[in-house]
Number of protein chains: 2
Amino acid sequence: MGIFSKTCEYALRAVFFISQKTSEGGRVSIKDIAIGIDSPEHFLAKILQDLSKRGLVQSAKGPNGGFFVDETTLKRPVAEIVEAVDGNGIFVGCALGLKECSEKDPCPLHNQFKTIRDEIHSLLRTTNIGNFNEELILGINSLKR
Amino acid sequence: MGIFSKTCEYALRAVFFISQKTSEGGRVSIKDIAIGIDSPEHFLAKILQDLSKRGLVQSAKGPNGGFFVDETTLKRPVAEIVEAVDGNGIFVGCALGLKECSEKDPCPLHNQFKTIRDEIHSLLRTTNIGNFNEELILGINSLKR
DNA sequence: TGATATTAATACCTTTTTATCCTTTTTACA
DNA sequence: TGTAAAAAGGATAAAAAGGTATTAATATCA
């Protein structure tokens, strides 16, 4: 496994895709998202259902429905998606899984990983969901394959 | 989940523990390791069995048997344990799970995560298994709780 | 030398988590 | 008001984590 769970990978790609397609209005269906990011459709449905409950994407049922992101959502940090799906285990906590690992009582890798965790966290806090729309539209960035 | 899988967390703690206890000679039993790092004993047995096959720890059966590390193993980089257990997904590959993500055809997070991956990799390549023996003996570092 | 106790290795089973698929409900519109 | 489009919800499958029991190896001692 990579840095994030598979679920989280799909979630991030899906949200970037939805953001790109709907930031100027409109909706996009699960089917189109699944095609656009090359993910299993029904699994993606479950993920989006959850993100929708948390307000990290918006949705509308029925014909002409679909997923979209509103103004506010565009500005939310990517870290919130990661946290919603994978929890905050990647930002805080011990690399060796110790409950009480800290400056005072550190595991052998504490200091080194503290730095790295902080970098990941600040990276994901300072980039927001709508950040990549332009690059995606221009084809500079990819979400598929 | 944190950076590593649970299996990998146990593996790292176990190897550090064995290293600390046996770098000057002697053996340590699964039971004592399990107690020393607070892990499920039989699950740990399976992990160590695998590491032993790969030569990342040494083992001896029978009375006075147990696990230990030899001179050569002490100098092997921690990255090898991570790679043996979790694979290299944390060092290479795409944060969003894309197969063909690269400089040429990058995902939105490619550049940012390339840096972070490289840091993790070089950190784990430059620290070796025996690196923490002193700190562990002195009680500066912890492997339990 | 043979019996025994000690220890890791192997095989198999249960539980939990993660990933995937199938069914139901909602809703716009003809 | 019937129908098709779409998301929401529920059931299932696969993988990871953890537990139980058995087997194999070996040092030691009678």
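Just so it is clear, the model here is predicted, and its values are computed rather than measured. The chains referred to below are lettered A, B, ... by the order of the sequence lines, with proteins before strands, and numbering in each begins at 1.
Note that the SG atom of Cys94(A) and the CD atom of Glu9(B) stand 7.0 Å from one another [nearest 0.5 Å]. To the nearest 0.5 Å, atoms CD1 (Ile116(B)) and CD1 (Ile3(A)) are separated by 7.0 Å. Atom CG of residue Leu12(A) and atom CG of residue Leu51(A) lie 9.0 Å apart, to the nearest 0.5 angstrom. The CG atom of Leu96(A) sits 8.5 Å away from atom SG of Cys8(B), with the distance rounded to the nearest 0.5 Å. To the nearest 0.5 angstrom, Leu138(B) atom CG is 4.5 Å from Ile140(B) atom CD1. A distance of 14.0 Å separates CD1 of Ile129(B) from CD of Gln20(B), quoted to the nearest 0.5 Å.
Proximity of residues 85-93 of chain B to DNA chain C (heavy atom under 4.0 angstrom from any strand atom) is not detected for any residue. The stretch residues 19-28 of chain A touches DNA chain D through Val28(A), each having a heavy atom within less than 4.0 Å of the strand. Contacts between residues 67-74 of chain B and DNA chain C, defined by a heavy-atom separation under 4.0 Å, are made by Phe67(B).
Regarding Leu51(B), its CG atom lies at a distance of 14 Å from the C1' atom of dA9(C), rounded to whole Å. Taking atom CG on Leu44(A) and atom P on dG9(D), their separation rounds to 16 Å, with Å as the unit. Computed from coordinates, the Phe4(B) CZ to dA17(D) P distance equals 14 Å when rounded to whole Å. Rounded to an integer number of Å, the gap from Ile30(A) CD1 to dA4(D) C1' is 16 Å. Distance CG (Leu48(B)) to P (dA17(D)): 15 Å, rounded to an integer number of Å. Nucleotide dG18(D) holds its C1' atom 14 Å from the CG atom of Asp38(B), rounded to whole Å.
For dA7(D), the OP1/OP2 oxygens have no side-chain nitrogen or oxygen of Gln49(A) closer than 4.0 Å. At dA9(C), one or more side-chain N or O atoms of Ser52(B) fall inside 4.0 Å of OP1 or OP2 (strictly under the cut-off).
Residues that satisfy the side chain to side chain contact (heavy atoms under 4.5 Å, CB included) test with Glu134(B), not counting sequence neighbours, are absent from this structure.
The ring pair (Phe, Tyr, Trp, His ring centres under 6.0 Å) contacts involving residues 27-83 of chain A comprise Tyr10(A)-Phe43(A), where partners must be two or more places apart or lie in separate chains. Pairs engaging residues 135-145 of chain A under the side chain to side chain donor-acceptor pair (under 3.5 Å) rule: none recorded [sequence neighbours left out]. Identified under the side chain to side chain donor-acceptor pair (under 3.5 Å) test for residues 119-133 of chain A, with sequence neighbours left out: Ser19(A)-Asn133(A).
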Identify all pairs in which a protein N or O lies below 3.5 Å from an N or O of nucleotides 18-21 of chain C, and state each distance.
{"from": "dA19(C)", "atom 1": "OP1", "to": "Lys6(A)", "atom 2": "N", "distance (Å)": "3.4"}
{"from": "dA19(C)", "atom 1": "OP2", "to": "Thr7(A)", "atom 2": "N", "distance (Å)": "3.4"}
{"from": "dA19(C)", "atom 1": "OP2", "to": "Thr7(A)", "atom 2": "OG1", "distance (Å)": "2.5"}

Measure all distances between protein nitrogen or oxygen atoms and nitrogen or oxygen atoms of nucleotides 27-30 of chain D, and list the pairs falling under 3.5 Å.
{"from": "dA27(D)", "atom 1": "O3'", "to": "Asn64(B)", "atom 2": "ND2", "distance (Å)": "3.4"}
{"from": "dT28(D)", "atom 1": "OP1", "to": "Asn64(B)", "atom 2": "ND2", "distance (Å)": "3.2"}

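With salt bridges taken as basic N to acidic carboxylate O contacts below 4.0 Å, one links Asp50(A) and Arg54(A).
In this structure, the side chains of Phe17(A) and Lys21(A) come closer than 4.5 Å at one or more pairs of heavy atoms.
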Under 3.5 Å, sequence neighbours excluded: what are the donor-acceptor pairs made by side chains of residues 73-93 of chain A?
{"from": "Thr73(A)", "atom 1": "OG1", "to": "Gln58(A)", "atom 2": "OE1", "distance (Å)": "3.2"}
{"from": "Thr73(A)", "atom 1": "OG1", "to": "Gln58(A)", "atom 2": "NE2", "distance (Å)": "3.1"}
{"from": "Thr73(A)", "atom 1": "OG1", "to": "Asp70(A)", "atom 2": "OD1", "distance (Å)": "2.7"}
{"from": "Arg76(A)", "atom 1": "NE", "to": "Glu80(A)", "atom 2": "OE1", "distance (Å)": "2.9"}
{"from": "Arg76(A)", "atom 1": "NH1", "to": "Gly55(A)", "atom 2": "O", "distance (Å)": "3.0"}
{"from": "Arg76(A)", "atom 1": "NH2", "to": "Glu80(A)", "atom 2": "OE1", "distance (Å)": "2.5"}
{"from": "Asp86(A)", "atom 1": "OD1", "to": "Ser5(A)", "atom 2": "OG", "distance (Å)": "2.6"}
{"from": "Asp86(A)", "atom 1": "OD2", "to": "Ser5(A)", "atom 2": "N", "distance (Å)": "3.0"}

Return all side-chain donor-acceptor pairs below 3.5 angstrom for residues 103-113 of chain A, not counting sequence neighbours, or 'none' if the list is empty.
{"from": "Glu103(A)", "atom 1": "OE2", "to": "His110(A)", "atom 2": "NE2", "distance (Å)": "3.4"}

Identify each donor-acceptor pair in which a side-chain atom of residues 22-41 of chain A lies under 3.5 Å from a protein atom, sequence neighbours left out, and give them as a table.
{"from": "Thr22(A)", "atom 1": "OG1", "to": "Ile18(A)", "atom 2": "O", "distance (Å)": "2.8"}
{"from": "Thr22(A)", "atom 1": "OG1", "to": "Val69(A)", "atom 2": "N", "distance (Å)": "3.2"}
{"from": "Ser29(A)", "atom 1": "OG", "to": "Asp32(A)", "atom 2": "N", "distance (Å)": "3.2"}

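Toward the 5′ end of DNA chain D lies the nearest nucleotide of Gly65(A), the other residue of the pair Gly65(A) and Lys53(A) mapping further downstream.
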